[in-house]
Amino acid sequence: QVQLVESGGGLVQAGGSLRLSCAASGRTFSSYAMAWFRQAPGKEREFVAGINWSGRSTYYADSVKGRFTISRDNAKTTVYLQMNSLKPEDTAVYYCAAAMALRGWDNGASYDYWGQGTQVTVSS
């Protein structure tokens with residue numbers, strides 16, 4: 001069992017930055033691929049970024065490439081999402097998720113555990 005708790009969301013002006021954190025419980029954190037998803041009001045949940053178990057491979061949605069960076073610290077059982085050059089269209093609830101066996105980074109069904117989400121609001 002893995003519990004995920006996100007933090008770091010908030011209100012920021014366009015062009016600003018935020019760093020999200022996702023703290024995981026459980027001894028098997030390093031066995032999981034981790035990802036961030038987001039869901040804006042009235043829209044479907046979408047994949048944002050993913051990182052493999054070692055942290056050596058990362059994947060990004062086209063909409064955030066060059067602006068967002070995902071990283072992980074297995075010793076601290078935490079995954080991060082550094083978000084720079086934020087835009088109003090980045091406004092959403094951001095969720096972290098853990099997958100033991102991926103069937104595609106953007107396949108929500110691949111993920112075994114989800115956090116409760118943290119709100120990110122970008123004002124214009």
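The backbone N or O of S85 sits less than 3.5 Å from a side-chain atom of R67, completing a donor-acceptor pair. Here the side chain of T91 pairs a donor or acceptor atom with the backbone of V122 at under 3.5 angstrom. Put simply, the side chain of Y32 never gets that close to the backbone of V2: no donor and acceptor are under 3.5 Å apart. With Y60 contributing its side chain and I70 its backbone, the two residues share a donor-acceptor pair below 3.5 Å. Side-chain atoms of E6 come within 3.5 Å of backbone atoms of C96 as a donor-acceptor pair (strictly under, hydrogens ignored). Of the possible polar contacts, one joining the D112 side chain to the M100 backbone as a donor-acceptor pair under 3.5 Å is found. Under a 3.5 Å cut-off, the side chain of T78 and the backbone N or O of A23 do not form any donor-acceptor pair. Under a 3.5 Å cut-off, the side chain of S63 and the backbone N or O of A61 do not form any donor-acceptor pair. With R103 contributing its side chain and A109 its backbone, the two residues share a donor-acceptor pair below 3.5 Å. With hydrogens and angles disregarded, no donor-acceptor distance shorter than 3.5 Å links the side chain of T121 to the backbone of L11.
Ion pairing between K87 and D90 fails under the 4.0 Å rule for side-chain N and carboxylate O.
Heavy atoms from other residues, nucleotides or ligands lying under 6.0 Å from CD of Q116 number more than 12. Within a 6.0 Å radius of CH2 in W53, no more than 12 heavy atoms belonging to other residues, nucleotides or ligands are found.
Within the 4.5 Å cutoff, no side-chain heavy atoms of L4 are placed close to those of W114. No side-chain heavy atom of T77 sits less than 4.5 Å from a side-chain heavy atom of R72.
With a 6.0 Å cutoff to the six-membered ring centre and a 45° limit on the axis angle, R19 counts as a cation-pi contact of Y80.
L81 and L86 fall within a single hydrophobic cluster, where Ile, Leu, Val, Met, Phe, Trp and Tyr are joined by side-chain heavy atoms under 4.5 Å apart, directly or via other members. Linking Ile, Leu, Val, Met, Phe, Trp and Tyr whenever their side-chain heavy atoms come within less than 4.5 Å leaves M34 and Y95 in two separate clusters.
For F37 and F47, the ring centers are positioned less than 6.0 Å apart. In this structure, W36 has its ring center no closer than 6.0 Å to that of Y94.
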